[in-house]
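Encoded as structure tokens, the structure appears first; notes follow it.
A, B, ... follow the sequence lines: proteins, then strands. Residue 1 opens every chain. Computed from a prediction, not measured in an experiment: that's the story for all the values here.
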Protein chains: 2
Amino acid sequence: MRQQPVTSRSQDPKRQMGAREILDAAALAFSERGYAATSIDDVADVLGATKGRIYHYFRTKGELFIGIHRRGIEWILEAIGPTAERADLAPADKLREMVRQHALMMMEHHTYMGVGQFLIDIHLAGEGRQSAAMEEILRMRRQFEDYYVKVVEDGIKTGAFRDTDPNLVAKAMLGAVNWMHVWYRPDETRDTPEQHERIATTLADHAVYGIVA
Amino acid sequence: MRQQPVTSRSQDPKRQMGAREILDAAALAFSERGYAATSIDDVADVLGATKGRIYHYFRTKGELFIGIHRRGIEWILEAIGPTAERADLAPADKLREMVRQHALMMMEHHTYMGVGQFLIDIHLAGEGRQSAAMEEILRMRRQFEDYYVKVVEDGIKTGAFRDTDPNLVAKAMLGAVNWMHVWYRPDETRDTPEQHERIATTLADHAVYGIVA
DNA sequence: GTCTATATGGAGATAGAC
DNA sequence: GTCTATCTCCATATAGAC
């Protein structure tokens, strides 16, 4: 795989529309059957096209994978970043809202989250090592995790939270939410906004109660 | 892949010794490079052997995968089952001890946990659908998750825990611990029993505090 | 920009010697 | 029970027509 192919291609806005459709199809296929078990032809089937179309936008299967992960992380950052950077919220309220938004995003874009969130490290070892796109993704993930560590640290400083290891507790909270892609599956009949809200707030409450002093 | 090959073979205790070595190697290789990116030759390299040896014990690559997952779940059940079935513990104490033991096992056998815990569903879609071994694994996982749901329900009934959705909160707890395979990596220098204990109790405390009334 | 047709390389799996 | 040698297939990726 060559250097930074994903990023350079995605500069062109025209390309992004076709590419987005393809990423949606790939995310769906990968999340249903797994990365290894899904062929490019499978993705093409989901698209209702042939693989010629896919290879017009993505050089390799690994690039599809990176593209999915990248978008997934971007969505999470969009979900929690604005809240994380507000200065007017007490740590407990900020944390609750971050988890809530994070959880809602996990449900809204679940196909992107299942594949990306965690297979990335292990698969990239064999797929897209040290590309520029990879660096960017790792940078985003670090930032996203730092948001969690930061709010926990703040709460401990102000005395709102118990005195514990902020990094470890942040991992626990991240795990609880990221793990959603293992068990959450959209369900046409029961999947109302109210249901999503209930799930998100339940998870948020558990995370916050786990650390308040 | 044929029906129930793993289980029938593992009846023979002689076989298990050779098989165990191979599973260790495969678990290590898969956890480092990912299932898709790891070839049978890679696993053989870790073993210091050739793939002839591997195929003497396992019919397919998917069987290796199932074997790893199965053992991982068995370890977790061994870790939490005895505690979960004690009648003399208050829900909060029982839950804390379950999470603690679960977390310790995640660290002790981390190579088995990373691969198995969650890739199973998606990979098996393409590898070993509805085999007897698969059924057994799903049964064990259900039991293991039920232990968590049960203790939460008990705590809510006795009033020790907040009144919330036991299934959802159990998912959150399971996620926090299972997620360890994403971030935990053994470290020769810092990896003391005390360090493991500290990590396990921190996670256990967060899980319990998150739900106590 | 999307298709059909094709190449090719690599990995899973097997046969049979030792 | 483990090895070497080999087969076979199929998924990735490409070439080139439309």
*Ring geometry between Tyr148(A) and His102(A) (parallel below 30°, tilted from 30 to 60°, perpendicular above 60°)*: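 Ring orientation, 0 to 90° scale: tilted.
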How many whole angstroms separate atom [atom1] of [X] from atom [atom2] of [N]?
X	N	atom1	atom2	result
Lys51(B)	dT6(D)	NZ	P	13 Å
Lys61(A)	dT14(D)	NZ	P	15 Å
Arg59(A)	dA11(D)	CZ	C1'	20 Å
Arg53(B)	dA13(C)	CZ	P	19 Å
Phe58(B)	dT2(D)	CZ	P	12 Å
His56(B)	dA13(C)	NE2	P	17 Å
Asp45(B)	dC3(D)	CG	P	11 Å
Ile54(A)	dT4(C)	CD1	P	13 Å

*asked:* Would you say the ring centers of Phe30(A) and His69(A) fall short of 6.0 Å from each other?
replied: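 For Phe30(A) and His69(A), the ring centres are not under 6.0 Å apart.
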*asked:* Side chains of Tyr147(B) and Glu85(B) only: does a donor on one sit below 3.5 Å from an acceptor on the other?
replied: yes
*asked:* If we count only N and O atoms by modelled type, under 3.5 Å, do the side chains of Thr202(B) and Asp205(B) hold a donor and an acceptor together?
replied: no
*asked:* Between Gly52(A) and Ile40(A), which residue's closest nucleotide on DNA chain D lies nearer the 5′ terminus?
replied: Ile40(A)
*OP1, OP2 of dC3(C) versus side-chain N and O of Tyr55(A): anything below 4.0 Å?*
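Checking dC3(C) against Tyr55(A), no side-chain N or O comes under 4.0 Å of OP1 or OP2.
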*asked:* If you compare every side-chain N and O of Thr50(A) against the phosphate oxygens of dC3(C) (OP1, OP2), does one of them come in below 4.0 Å?
replied: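 Result: yes.
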*asked:* Looking only at the side chain of Tyr57(B) (C-beta and beyond, no hydrogens), which of the listed nucleotides dA13(C), dG1(D), dA11(C) gets closest?
replied: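 So the nucleotide nearest the side chain must be dG1(D).
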